[in-house]
Amino acid sequence: MNQEFDSGPRQDSPDFVRDVGDRVTRIISDCLAGRTTQSITDPTPVAELRALFNERLPRKGTDHRRLLDRFSEQVVPHTLVNTSPGYLGLMNPTPVTLSIFADALTSLINQNQAASHHSPAGSVIEEVVIRWLGEAVGYGEDCHGHLTSGGTVANLTGLKLALHRAAPGVRDKGLVAAGRRFTVYASDQLHFSVERSVDILGLGRDALRLVPTGPDATVDPHVMRQMIEGDRRDGMDPLAIMGIAGTTAAGAVDPLMELADLAREAGLWFHVDAAYGGAVGLSREYPGVLAGVERADSVTVDAHKWFFVPFVAGGILFRDRTFAEDVFQNAAGYIPPSEDADLPPTDYLKQGLAGTRRFNALKVWMAFKHLGADWYTSVVDHQMGLTRKVTEVITELPDWKIAVPPATAIVTFRHEPEALTEAINNGGVNAKGALKKRDRLQIRIAEVIQNEGRFWVSAAPVPGGFALRLNVISWLTDEALVDAFLAELPRYAQEAAADRS
Ligand SMILES: Cc1ncc(COP(=O)(O)O)c(C=O)c1O
């Protein structure tokens, strides 16, 4: 029996569905138009926000019109507008419009991508999307894998594959049975998900060997080799090398080809974390940045970063599906296997951590189909170009220095008045103090920029200390906006300096 809601008509009545749809579409359209002028940050104190939403579990329903109005009036104004063209911030992209609606369609059909018979078309579309991501990154379309909740789980999955190759018995008997002390090698610029992964896999965070980075925020493969050899001499069992294609702070790309050579020589698994940088594989104007990624055993690539789809759509790519299915195999008696075809359809349940899985592949599929890889190429090239322009301008600005030149579409830089430079160059105790002061100055400048609400950049630790970090991550950001930001930089620095005195 259909239940009547006192808050409105039947859930599936066409008039109700259309009314909801029309209203939601209007909200979306208003938000998309408003994001260019809305302040990026919202200064409302959390106590006020709690007061707005703090209520007991509602026993009665609310009319959808009132609820949707509430969304517009009480949620939208209190967001961080990371879809604004002025958001030059973390890896939170401006989603392409069709992918926003695709998310609703995914919810509409509510497929469970755990098993192909619970998502017949969806499972095949996810296979296709994985191949497209492989091709886009430069890993090659001859790959398997699946979408994850993000790069964090993708990195964990990659390292679990590595562990299974080195010690398959760990799956059933645990690390104790392996009786080996595994170590993993990655740049000291790595994302925290790698630390968590070695912990969750039972290797322990001490198993992670942080390879020091140079001024360009990349590792030196020779240093990594020495660390591997040293560990072997000390009775450790090196397991995997992680190369980063786009570090979180500076967007730096490790020398993947040399790391691939090292991994092969040392007999180690090679995982590439291209969670952010994967899209550079589509660049025409900056070719070869990810050269070597094709030699990885596994690759993390997040569609919800530089491929402009809404959260969540992380991804893990690998070559060998059967191997991955051995790693994660489980008897789930209540889900019959789909193994009656010549080429068995993918039951994603078998090759990763997740059980119930959303059909997130739809929004990625629609984004690629709607805009085409060439669109991505032009946007990536444009964004890379903008960060190069920022680099050129800042290099010429007195009292400003580039910290790490851009390898992707992230550039980091510092405000460093002459007195600070002198104190740093003179060395000694004063230099230490000056470096701390310089760190604080960058953090304060980022706060001044964020508080104003027109632009958003962060301060992040890169080799040498904190720097301002500018990531062109919105496809809406254009040269005029970047020029406007650069013109304001001296004022932001002045305000930050004035604040501190
Ligand atoms: C290099 C890198 N790897 C992994 C991740 C984790 O991705 P997610 O936040 O989607 O889990 C990030 C996130 O910023 C990242 O920058």
Side-chain angles (χ1 to χ4, degrees), residues 80 82 87-93 95 99 133 137 139 145-160 184-201 208 210-211 213 216-219 240-254 256 259 270-281 289-290 293 296 298-317 352-354 357-358 360-361 363-364 404 406-412 456-463 469-474:
L80 177 85
N82 57 13
Y87 180 78
L88 305 163
L90 306 185
M91 295 146 177
N92 304 313
S99 66
L133 285 172
V137 171
Y139 188 50
H146 55 265
L147 297 185
T148 63
S149 62
T152 299
V153 168
N155 280 340
L156 172 66
T157 308
L159 288 177
K160 175 63 190 164
V184 172
Y185 302 80
S187 150
D188 63 8
Q189 300 291 303
L190 83 184
H191 185 259
F192 63 77
S193 54
V194 187
E195 288 174 340
R196 282 193 188 157
S197 298
V198 289
D199 167 12
I200 290 167
L201 290 171
L208 192 55
L210 295 183
V211 183
T213 46
D216 64 353
T218 68
V219 294
I241 285 175
M242 177 167 297
I244 309 182
T247 58
T248 313
V253 179
D254 281 331
L256 302 179
L259 293 185
F270 182 38
H271 178 84
V272 172
D273 181 356
Y276 160 64
V280 174
V289 176
L290 305 185
V293 69
S298 52
V299 179
T300 290
V301 56
D302 283 356
H304 69 203
K305 289 189 167 66
W306 210 349
F307 290 97
F308 311 115
V309 300
F311 308 131
V312 295
I316 176 80
L317 314 177
L353 192 61
R357 300 176 72 256
R358 200 166 186 273
N360 286 320
K363 59 191 165 196
V364 187
V404 182
T408 49
I410 298 175
V411 54
T412 57
W456 200 102
V457 300
S458 56
V462 294
R469 175 189 178 281
L470 183 152
N471 183 183
V472 183
I473 187 68
S474 171

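For ligands, and for the atoms within them, numbers begin at 1 and follow the listed sequence. Here the structure is a predicted model, which is why all the values come from computation and not from measurement.
With hydrogens and angles disregarded, a donor-acceptor distance shorter than 3.5 Å links the side chain of S187 to the backbone of Q189. No side-chain donor-acceptor contact under 3.5 Å links K305 to the backbone of G314. No side-chain donor-acceptor contact under 3.5 Å links T152 to the backbone of S193.
Sorted by chain and number, the residues within 4.0 Å of ligand 1 by heavy atom are M91, G150, G151, T152, N155, H191, S193, G246, T248, D273, A275, D302, H304, K305.
With sequence neighbours excluded, the residues forming a side-chain contact (heavy atoms from CB on, under 4.5 Å) with P93 are F308, F311, I473, listed by chain and number.
Counted by atom type alone, T300 and D273 present zero donor-acceptor pairs between their side chains at under 3.5 Å.
Results of the side-chain contact (heavy atoms from CB on, under 4.5 Å) test with L147 over N360, V301, D302 single out N360 as the only residue that passes.
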